[in-house]
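Below is one structure, written out as structure tokens; comments come after it.
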Amino acid sequence: MLTLAMAAGGCSATGTGVPTASETTRTSLPAASAKPRCRPAARCTTRRLADAAGVTFGTAVSAAHLDEGRYRRTIIETFNSVTPENAMKWASIHPEPNEWNFDPFDRIVRFAGAHHMQIKGHALLFDQVDGDSTPDWVLAIDDPDELRAAIADHFTTLMRRYRGKVDRWDVVNEPLERLGTGQYDSHFRAVLGDDYISQVFEIAHEADPSARLFLNEAAAELLPAKAAALVALVERLRRAGTPVHGVGLQAHLVGGTVDAAALGNLIGRLERLGVSVAITELDVPTGPGPEAAATQADTYARVLRACFRTQCREVTTWGFTDRYTWIDTFLRPGLAPLPFDADYRPKPALEAIRRELAAAASG
Ligand code: G3I
């Protein structure tokens with residue numbers, strides 16, 4: 001297994017180096033000729049391998065852990081992009097009509113800026129079954145004009161404040177039923193109507209016309225009928241001229257495996273609609289032990305390969321250390337879904353990820 005020292009090993013960059021924060025704000029991929037090469041791969045940090053491959057390799061982060069040295073160092077050595085796990089959800093950052101709690105996300109932005117990382121905004125709108133991401137004061141608004149005005153204020157405040165720092169946004173998170181194929185009956189749909197997704201993408205586009213706007217969905221990579229529903233939804237949005245530029249496939253692979261051919265097929269179908277596709281919340285709960293670790297590594301590898309065989313060039317994991325994972329609370333403890341263990345030691349999954357990044361860099 002890789003040691004952390006090896007994973008963090010130095011290497012020299014012979015290209016233009018890591019892009020500055022301002023260079024990374026509008027494009028996620030450096031031009032091919034500007035790729036910072038790194039050889040031999042075994043001596044490169046995982047982040048260097050991702051940079052060399054022109055791949056956005058990200059993780060969800062929590063401001064609360066940024067004071068922890070090992071947490072910070074592992075991110076710096078491994079990832080070139082971060083997504084706030086919870087800090088930007090409406091209930092966290094804007095809990096009352098006139099109350100903004102910018103501090104946790106500002107800390108993430110400062111950390112990412114200091115280390116020249118990209119930042120994804122997650123999630124402007126998120127109302128799903130048993131979720132607590134939308135504050136009660138928003139759930140209490142039942143007048144469509146009033147709700148649209150609240151959304152416009154929320155989006156505009158965030159998109160202007162973080163303009164030039166956040167380069168892409170999840171505008172609507174999980175618009176479909178969790179295990180079904182219809183639109184989820186969220187508060188926003190109930191008040192604004194079936195076309196609320198188009199309405200809120202328009203609001204986001206108006207708030208920042210240069211921002212890349214994503215729709216982020218769960219479990220489409222696991223459920224063929226939901227995949228078809230997602231493709232149909234995105235097709236409708238594109239036909240209607242909705243400014244949706246990307247689709248995020250979350251990839252919480254709760255069974256521990258994935259049908260990589262189906263995943264590649266789904267990515268291809270979405271790309272043919274004119275959107276870019278990213279893997280946005282990858283984790284693979286398999287449990288402890290060498291056999292589970294091997295299955296997990298293989299699953300991570302197959303997801304990255306399916307992505308890189310298409311135009312997809314972003315993979316974000318939902319956290320990175322088994323020390324902090326939503327799976328412990330929402331599924332059960334001990335499923336160890338991430339590429340580093342609870343003591344920040346790299347697992348076979350990290351080795352597999354590094355192999356795929358190195359192959360993409362040399363391909
Ligand atoms: O911060 C409070 C803490 O003060 C309190 O003591 C504690 C008591 O339960 O709750 C803490 O807040 C929790 C928060 O996570 C931080 O741990 C919330 O209750 C809990 O609901 C929240 O869960 C998050 C969940 O989204 C709902 O927003 C998970 O961390 C986060 O990983 C998860 O992420 C989602 C993506 O945004 C969308 N896709 C699915 C993914 C996994 O569910």
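Counting begins at 1 with the first residue of the sequence. Order of appearance sets the numbers: ligands from 1, and atoms from 1 within every ligand.
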- Query: In Å and rounded to the nearest 0.5 Å, what is the CD to CD distance from Glu314 to Gln118?
  - Reply: 7.5 Å

- Query: Hey, are Asp167 and Arg212 close enough for a salt bridge, meaning a charged N less than 4.0 Å from a carboxylate O?
  - Reply: yes

- Item | N-O pairing of Lys226 and Glu217 below 4.0 Å | yes

- Cluster companions of Val129 among Ile, Leu, Val, Met, Phe, Trp, Tyr (side-chain spacing under 4.5 Å): Tyr184

Filter the ligand 1-protein atom pairs down to N or O on both sides and distance under 3.5 Å, then list them.
from	atom 1	to	atom 2	distance (Å)
ligand 1	19 (O)	Asp132	OD2	3.4
ligand 1	21 (O)	Asp132	OD1	3.3
ligand 1	21 (O)	Asp132	OD2	2.9
ligand 1	26 (O)	Lys89	NZ	2.8
ligand 1	28 (O)	Lys89	NZ	3.0
ligand 1	28 (O)	Ser133	OG	3.3
ligand 1	30 (O)	Glu85	OE2	3.4
ligand 1	30 (O)	Asn86	ND2	2.9
ligand 1	32 (O)	Glu85	OE2	2.5
ligand 1	32 (O)	Trp318	NE1	3.0
ligand 1	34 (O)	Lys89	NZ	3.4
ligand 1	34 (O)	Trp318	NE1	3.2
ligand 1	37 (O)	Lys89	NZ	2.7
ligand 1	37 (O)	His122	NE2	2.7
ligand 1	39 (N)	Glu174	OE2	2.8
ligand 1	39 (N)	Gln250	OE1	3.0
ligand 1	39 (N)	Gln250	NE2	3.3
ligand 1	39 (N)	Glu281	OE1	2.7
ligand 1	39 (N)	Glu281	OE2	3.4

- Query: Looking at Phe102, is Arg161 sitting on its ring face, NZ or CZ under 6.0 Å from the six-membered ring centre and within 45 degrees of the normal?
  - Reply: yes

- Query: Does NZ or CZ of Lys120 lie under 6.0 Å from the centre of the six-membered ring of Phe214, at an angle within 45° of the ring axis?
  - Reply: yes

